[in-house]
Structure formats: structure tokens, C-alpha cells
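Here the structure comes first, spelled out in C-alpha cells, and everything after it is commentary.
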Amino acid sequence: MSLVSLYFLLFLAVVTLVYYLLPGKVQWVWLLLAGLAFYALCSYGLLIVPVLDAVIVYFFGKYFETKKQKLLMLIELILLFGILILLKYAGRIGAGWSGFLKGFGFGQIAAYAVPIGLSYFTIMAVAYSVDVFRGTVQAEKNFARLLLFLTFFPVMTQGPILRYDEVSKQLVTPHRFSYQNLTFGVQRILWGFFKKLVISERLAVVSMTITEGWGSSAYSGIWVIASFFAFSFRLYMDFSGCIDIVIGTAEILGIRLPENFNHSYLSRTIPEFWRRWHITLGTWLKDYVMYSITMSRPAKQFAKKAGKKIGRKAAATIVTCIGILFVWLVYALWHDISAVFLVSGAFYAAIIILGTVFDPLIKKFRKRFASLVESIPYKVFMTVRTLILSTIGAFFVFMPTVKDGAAYLAAIFKAPTGAVMQMAKGNSSLLGATFLGLDLPDMIILVLAFVFWIVVSRLDAKKDPRVRLSEMNIAVRWIILLLLVLVVVLFGKYGGFDTGSFVYQAF
Amino acid sequence: MKKFARAVCFCLIAVLLLALLNRILMPDTDFSADLKGGVADEPDYIMLGTSNVFYNVNPLVIWDETGYTGYNVSSEQAPLIISYYELKNELKKRKPKTVFLDCGAFEYNYGIPSFNQLSLDKMPLNMDKLRLISELGEDDENNQIKAKNEYSKINYLIPLYKFHERWKDILDGTLKSRYHDKYEHTFMGYVAEKSVFVYEKQYKWLPTLKEFGGTYLTEVSDLGREYLSKIRTLCEENGIELVLFKTPSKGWIREMHEAVTELAKEEGLSFLDMNSEAVLEELQIDENKDFADSSSHFNIYGAEKVSRYLAAYMKQNCSFTDKRGHKDPLETAWDQMYQEYLDYKEN
């Protein structure tokens, strides 16, 4: 079930209605049932996977309450990641997992052999276990509540990655119906639909047109950079739009989820970008990979020994760099075992390590040229630079091979060629022409929607637009909201009307 | 409570706006008979079926020949399941003495979703429509029932889902005209087409599937049988006679002609196949003048021949009464409609 579908809205409506009709004490049970149902609807029998993960972390967690054995922690991690690797990657090995399942007559399950949210609930389970092991979180005594944490339905498909201590209480405490939660939640969902259906789907056409055209060398030079922007914002609208729907959904149910984006396209450095983009993954990597490396006993011993020879600062930098390398290795492996992800991870790692190593120099530069650093052109330059760098890393992973990605980057340095406007055959009207793959009306909608999004985002930086909206006169508020509904329904790219299918044929 | 009332009010306005949008953006494909002024309150017949009905049967010619009143209830490539629900809807309003069912639809099961969309868009939203949407399936390339629907049924339920992108058609002025062109001149559910199409290759009548080369069913499917039986029951319950017929069509294959002949015999129904040699002999179809398109639809000249033949058949086999000679409003109205048709034909 896609979050951007009428079925999901219907599902949400039913869940919400029953949720608020039930006594507060059992609301969480209903949420658990909804999560399991959602899961079953999406991945059929593979519901067993999150349940299995929950069983593992439940028993290990209970054990860690009394005894903390590193070996057992290691075994638990191997079990959790083992399931992830088996399901996610076994399909590629030999005849594959799907073939294996089909062989046993589970054809339908085979089609869904990778359970949805597998990567997400796995690392949520890992975070919980590590927290219990570290003693920062108390082990959950109620198995069903732990299962709810791992199967909370809004976050199933694309996160955000939840932390047990952040949400577990919220999930199980009674929630009384709040009109504001409902309206704010619905508005946030609507905004997500707007970003995904009106903007992202159009940007997708633009970026795909240039990317595919690149193969035939139709686009090069400046158009490759243009495609970076199109791609970058498409990814942002798509992903953050989805997260808007997720957070809005939870908000309707009275549950506050962590934000996953903070206007990442405004970042001026790559580390800042990663603090503002897919935030929950970034903090997870920091807390559970980075700290596990840099705070480990071997790392401390190394820093102590090396510190005597090369200086404490240099030794600390080396430890940090090793941590960074591991973070990006895990980042790559978590997404996919593929060369393009490894290259993408290495790319980010290289930039951040360079930043760490040259940090003293950068600081000196900033001090020396303080007025330049504070000037607007410099800030714009840094922002655009970061946008391009972050996009290259993200862009790479969508390339079929590393070679393709490299060739695409090389095309930047070729003379700019590109068919921006293509007229339709036998039609001189502008209405028949396409601009980077979009026809004129679509291009106008894209530009207008993008401008509207910028305005709302600017407002968002100072005060939640929903609060502003609630303070407006009711007539104005309703007109704005109704217009937004109409815009999404009318200009959203979904369903689809294929004039071709109306060509009168056989009968 | 006040807030709740407000929220409900907001939702109502939103739904109304969307319904309005739905109305504006839905392609106008409705060419059903205009029955205003009670011109067919007690119709003698209804012609039920596919485009082979609305292109080939002209009720006004039948009126001119016999004084019988009736009209067409048909849609593009309507499978029998849709014809059944169309008839059911129609019978809520009027009851004819006879229903003529064109058998072209036996050559497939559910047909093509985009055509079915057009048929469903014309139907009012009621329980029957919901039932139809839930029952409607999809055919594979061999016209067999597909295991799984690929077409999202949400399009049938909320046409806006499919047609929302038609806002662009406002810009080039085709919002209302694109799907209307074909149905500009309609008379009692008959779509009059003046253009002449001449086949480059000579196709024979009643070809075998091999000769014709299509992918039609060669036997009556279970689904075909089921919905014929439903249509039959519906007619019986309403005291209506059911007659099977097939207008001349080069796409009507010999195997199906034989299968339906057999079925009609089993069911004890009359089956008039106008593709038989004897009927064609009488019709005198002019291959250079009577077809409108490559899909074996007739233009006004071919349709007149088919309609005259049907008129003669009714005279002989049905106990309808000639409604002419009373100089009553009904007669005046039908004569006027026929005159309108003649005017269209002449100009």
C-alpha cells in the first residue's frame, strides 16, 4: 500500500476513527493491530520478519537488563543483520531467495520477498538493543509493546527511524482526540501530497529526460548541472513529501515523530547537509556506528599510544577519520550491496575526511577572510556548491554502474548541447511543444508550484505555516486549503488519462 | 462541537468542489437517446449491445417503416456484463415489449477497460454501478479472463482519478469537443456517421477465425452464458421478450455464429444473424458506399439498410402496434425527429 494512495487515506480514516472511539488504555493495542494489518496488506506472510526481530530484541534485552556480555551483543547483531542480509541480498545469490520460496509453493510471498521497511525496523531494533546494553534505556517488559514500536504503520515504508526512548511512551499512553492534531495532521499530509504529486513527479520527468538523453549525448555541459538540480529537488520533494505524510499521520493519532528533514538544500557544508537530510539516519549512524568506534577501548588505546608520537590532536583526527570511514561503509551497505553505493559512500567519506583533516586550515581561512565568509555571494556559493556535491553523491546511486556515473559527470565538461524545447511533429503551437520533457502547461505548473513551495518554506523557517493558517480569518483559511486540495487533485501526477487508449478499434 | 460542524462543513464543500470538477473534466461521451417529452414512455423495443448497435441501427428509420417506437442502449465494446447493468438501469425507467440483444459481445469476456470506462461514466452512481464495478474484470490479449485486474477500479468509481489531467484540454479548447465529435449527430441512441470507408482488402462475411486473423473467442464462455442468462431472467421478470440478433459485421466469425446459433437453440431464443447469406442477399450491402470505418461500422446508408431489414423483421415477428395515423403529439415528435435526421442526411 503506497502512502500516496486513496487506499492509504481510507486505511488511515478507519484506523483514526476506531482509535479515538476506543478507551485510552487499549488504543495502543489497536495501533499494533493496525500495524500488523498494514504489514500483512503490503508484505503478506513476511509479517513474520518484524515479529522475529521483536522476539530477538525482546529476549536479548531482558537478558541485558541483568548481565551485559559483549559476545551476546555481537551474536544479537549478527542475528539482526543476518536476517537483513539474507532477505535483502540473498535474492541475488544463485537461483535466489524468490526461486527458493517459489520452489516451496510460496509464489505470492516470493513476489514480496523483501518485506517492506526491513532496513528501517532492523536498525530500529539494533538501536533499541544497543541502548538497553548501554543502559540508557530500560528493557521493555511487554513484548506486544515492543512489537508495536517495530511495526508502527506510518513509518513502515520510508522512516523516519525511531528511537525507543523518543516514542515508546507516546505509543502506549492514551490519547484524547484533539481537533488541532487532526487538522494539523491532515494539513501536513496534504502538503506531502503536494510536494510528491505536483512537484516531484514533474521534476522527475525533467531529470529523467536529461539523464536518458545523456546516453545519446543529447545533453551535456550546463544541462548536466541543470539535471543535478532537478534530480536533487525531485529527491527532496519525494522523500520529504513522504515523511510529511508519515509525520502528519502520526500527528493525527497524537504521536509526535522526529523530523527527518530541515531544509537540507540550504546547507553550506556536507556535514551540515547530513545533519539536515535524512536526519534520523544521520543521528543513528553517529550514535551507533561513529561512537561505537571512537569510544571503543581499542580506539582509546590507539589514541593514547599514537598521541605520544604524533600529537594528541592528530591521533584524535585519525580515530575520527576511521569512524567516518565506518559510518559511510555502513551507510552504503545498509542501502544496498552495490558498487554505486560504495562509491557514493566513499565520496561523502572523502569530503568529510578532507574537511576534518583540513579543519584547522579552514578555520584559519574563515578567521582571516571573515568579511568575505559572511558576505551573501560567498554564502550562496557555498550553498550551491554543497547542493551540487550532495547531489553527486545521491545521484550516483541511481546510476546503473559506476562507469555510467563517471561518464555522466564527465559530460559536464563537454560543450553544452541540449534540446530544451522540442516541437511536436506537424504542430507549430507552443501547446504541443515539450520543454525538457514537460509540455508547456506542466512546465508552468511546475514553476508556480515551486515558487509557492519556496514561499511556504521561507515562512516555515520562522513560524509553522499551519499556526499562521490557524490564526487567519476562517474564509481566507478555507480558501487557501480548498485551493491546495484542488491543486493536488487537479495538477497531481497520478492515475492518468491516456488519450491513446481511446483510439477506436475493433468494435 | 462547533469545530466539528465546521470540519464537516469544510469536507462537504471540498467534496462538492471535487464533484463539480469531476463533472467538468469527464469526457462527454453520452449519446444515449433523448427521451424528453415522453417520446418513448412505452417503447416497443430496446436495442441492446455494442457499437454494432449504435452505428448500425437507426430507430427513426424503423419508425418511418413501421410506426414502432424504440431506441438504442449501447456502448463501445460493451461486454455482456455491462449490457446487463445498462438494461437493468433502463428498466427502472421504462419497459419495452422486446429487447434485441446484439451478440457481438460473445466474442470476448470483459473487453477493454478504457472502453468500459466510457460505458461506466455514463451510468448514475447507485448500488448497481458499485456491484458492476466490483464484478467487472479484464481480458488478456486472447479475450480470456485475466487472472488479475491491472486497471485500477478507482477510475470507474471516481472518474476524476483518471481524467484530472484533462484540465489541459481547456487550453486548446478540446475539453468538451474531443470525445463529442463522433457523437455529434445522434438520434435515439443511434450515432449517424456520413463518412465512407472502402476496404482495400476484400474481407468475406462470416470468416473463420483463421481467415479473419483476430483473437476472438470461438465458443460461448461461461461468463457469456452467465450474463445471457441474467439478461434473460431480467427480461422474463419484466414480461419482456428477448431476441438475439447480430448486425452485419466483418468481425463476426463463423465459429461464434455457430456457437450462438447452438446456444439460442438450447435456450429456446430467437437468433437473427444478419450475416447469413440469405439476409446479406436481401440487404445488398455496397462495399464501396456503406461502411464508415475500418471496424465494419456502417455509415448512414448502410445503417438504413440494416434498420429497414429489422423493421421488416419486427413487422413479421413482433406484435407491436403502428403508432402513426393518430396525429397525436407522439407521432408529431417522431416525425419531426425523422425529419431532423433527413435534414442531416441531405446536408
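Proteins come first, then strands; the chains are lettered A, B, ... in the order of their sequence lines, and each starts at number 1.
Within the 4.5 Å cutoff, the side chain of B:K168 has heavy atoms near those of the A:D442 side chain. Looking at A:L490 and B:L25, their side chains come closer than 4.5 Å, going by heavy atoms from C-beta outward. The closest side-chain heavy-atom distance from B:L18 to A:L486 is below 4.5 Å.
Within residues 444-453 of chain A, the residues that have a heavy atom under 4.5 Å from a heavy atom of chain B are A:I445, listed by number. Scanning residues 469-482 of chain A against chain B with a 4.5 Å heavy-atom cutoff picks out A:I474, A:R477, A:W478, A:L481, A:L482, ordered by number.
Between A:F491 and B:W167, the ring-plane angle classifies as perpendicular under the 30° and 60° cut-offs.
Shown here is B:F4, whose CZ atom has no more than 12 heavy atoms of other residues, nucleotides or ligands within 6.0 Å. Annotation for B:K194: atom NZ counts as buried by contact number, over 12 foreign heavy atoms lying within 6.0 Å.
In this structure, B:I154 CD1 and A:L6 CG are separated by 4.0 Å, a value rounded to the nearest 0.5 Å.
Side-chain rings of A:Y494 and B:H164 approach one another, their centers coming within less than 6.0 Å.
In this structure, chain A has no heavy atom under 4.5 Å from any part of B:C11.
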